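Heavy atoms only: backbone and side chains are in, while hydrogens, waters and symmetry mates are out. The chains referred to below are lettered A, B, ... by the order of the sequence lines, with proteins before strands, and numbering in each begins at 1. Computed from a predicted model, the values in this text were never measured in an experiment.
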Number of protein chains: 2
Amino acid sequence: MKDQEIITEEQKKIARFAKAMGHPVRVYVLEILSKQSCCYSGDLSEILPIAKSTLSQHLKELKSAGLIQGETEPPKIRYCLNQQNWDLAKKNFENLFGE
Amino acid sequence: MKDQEIITEEQKKIARFAKAMGHPVRVYVLEILSKQSCCYSGDLSEILPIAKSTLSQHLKELKSAGLIQGETEPPKIRYCLNQQNWDLAKKNFENLFGE
DNA sequence: ACCTTTGTTCGCAAATTAACGAACAAACAT
DNA sequence: ATGTTTGTTCGTTAATTTGCGAACAAAGGT
């Protein structure tokens, strides 16, 4: 046996999701996306008091955690939730918190 | 008006909780505590493959996020969920994910 | 060809996080 | 008084995160 695996894959996954949600701006973005289907990065950029480049990094972080996805629609990019992983995250958190 | 407050207090709170949950060890601890009422730090220390001091810091982090609390019961310390904040976190996440 | 719009990537700096071992502190037992 | 048990704190190191502006890239319009 290679690994005693004290910590489960699900726990790691929760931590990964949680980490991505661990910043106010990213929570803000997720909340927007969970309420309306999609949004353009530019809209966020106008509202949020941060530099474009900073926003871009937050979106990248959310994307690499699998929580959102972006469809290029030149010259803009439309961001949506990655519904599959969003549902997974939801389920994982429900498990943790207990129904 | 002092603040335009683009980002709500609730979003900040979610981010705070999420950040605390953003590490596998801390998720592990929370899961233990949500399943059984309490546990001793020493029990965790025996199981988890990390140094005592590292575990202590993770517990401190969870405590300062308000998710757990520790009652000193010399020479041990018994850790439990901070039920009030745990419930709040649960509710906040439910709001975000949608019921 | 040139400009505009929209975002990303590239340094860069500052702050935070993660991890360890060693030293320390509290409480109790011998 | 000494030792034991249990955890915390300290000091250090390495890695990651956050944030910015400047430079760059892609796609369309003039």
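- B:Q57 places its CD atom 16 Å from the P atom of C:dA22, with the value rounded to the nearest Å.
- Taking the side chain of A:K19 as heavy atoms from C-beta on, and the options C:dT5, D:dT16, D:dT5, the nearest nucleotide is D:dT16.
- Along DNA chain C, the nucleotide closest to B:A51 and the one closest to A:K76 are compared, and the more 5′ of them pairs with A:K76.
- Judged by distance alone, the side chains of A:S37 and A:R78 never bring a donor and an acceptor atom under 3.5 Å apart.
- Contact between A:S34 and A:E31 at its shortest, heavy atoms only, is OG-O, 3.0 Å.
- Both B:S41 and A:P49 sit near DNA chain D, but only B:S41 has its closest nucleotide nearer the 5' end.
- Comparing A:L55 and B:K60 by the nucleotide of DNA chain D that holds the closest heavy atom to each, the one mapping nearer the 5' end is B:K60.
- Between B:T54 and C:dC20, a side-chain N or O to OP1/OP2 separation shorter than 4.0 Å is present.
- Across D:dG21, C:dT5, C:dG7, the shortest atom-to-atom separation from the side chain of A:Y40 is found for C:dG7.
- Rounded to an integer number of Å, the gap from CD of A:E73 to C1' of D:dA26 is 15 Å.
- Scanning atom types as modelled, no donor and acceptor separated by under 3.5 angstrom connect the side chain of B:S56 and the base of D:dG7.
- Taking the six-membered ring for Trp and thresholds of 30 and 60 degrees, A:F97 and B:W86 have ring planes inclined between 30 and 60 degrees apart.
- Computed from coordinates, the A:I77 CD1 to D:dA25 P distance equals 16 Å when rounded to whole Å.
- Within the 4.0 angstrom heavy-atom criterion, no nucleotide atom of any strand lies near B:L59.
- The distance between atom NZ of B:K63 and atom P of D:dT8, rounded to the nearest whole Å, is 6 Å.
- Here the rule is side chain to side chain donor-acceptor pair (under 3.5 Å) with A:D87, and of A:Q83, A:K90, A:Q84 only A:Q83 fits it.
- Nucleotide C:dG7 holds its C1' atom 14 Å from the CD atom of A:E46, rounded to whole Å.
- Nucleic acid contact for B:R78: none, since no nucleic acid atom lies under 4.0 Å from a heavy atom of the residue.
- The A:S53 side chain lies nearest to C:dT9 when the options are C:dT9, C:dA19, C:dT8.
- Taking the centre and axis of the six-membered ring of A:Y40, the NZ or CZ atom of A:K76 falls inside the cone set by 45° and 6.0 Å.
- Regarding B:H58, its NE2 atom lies at a distance of 15 Å from the C1' atom of D:dT8, rounded to whole Å.
- Map B:K52 and B:E61 each onto its nearest nucleotide of DNA chain C; the residue landing nearer the 5' end is B:E61.
- Distance from the side chain of A:H23 is smallest for D:dG19 among the nucleotides D:dG21, D:dG7, D:dG19.
- Rounded to a whole Å, the CG atom of A:L44 is 9 Å from the P atom of C:dG7.
- Between the P atom of D:dT16 and the CZ atom of A:R26 lies a distance of 15 Å, rounded to the nearest Å.
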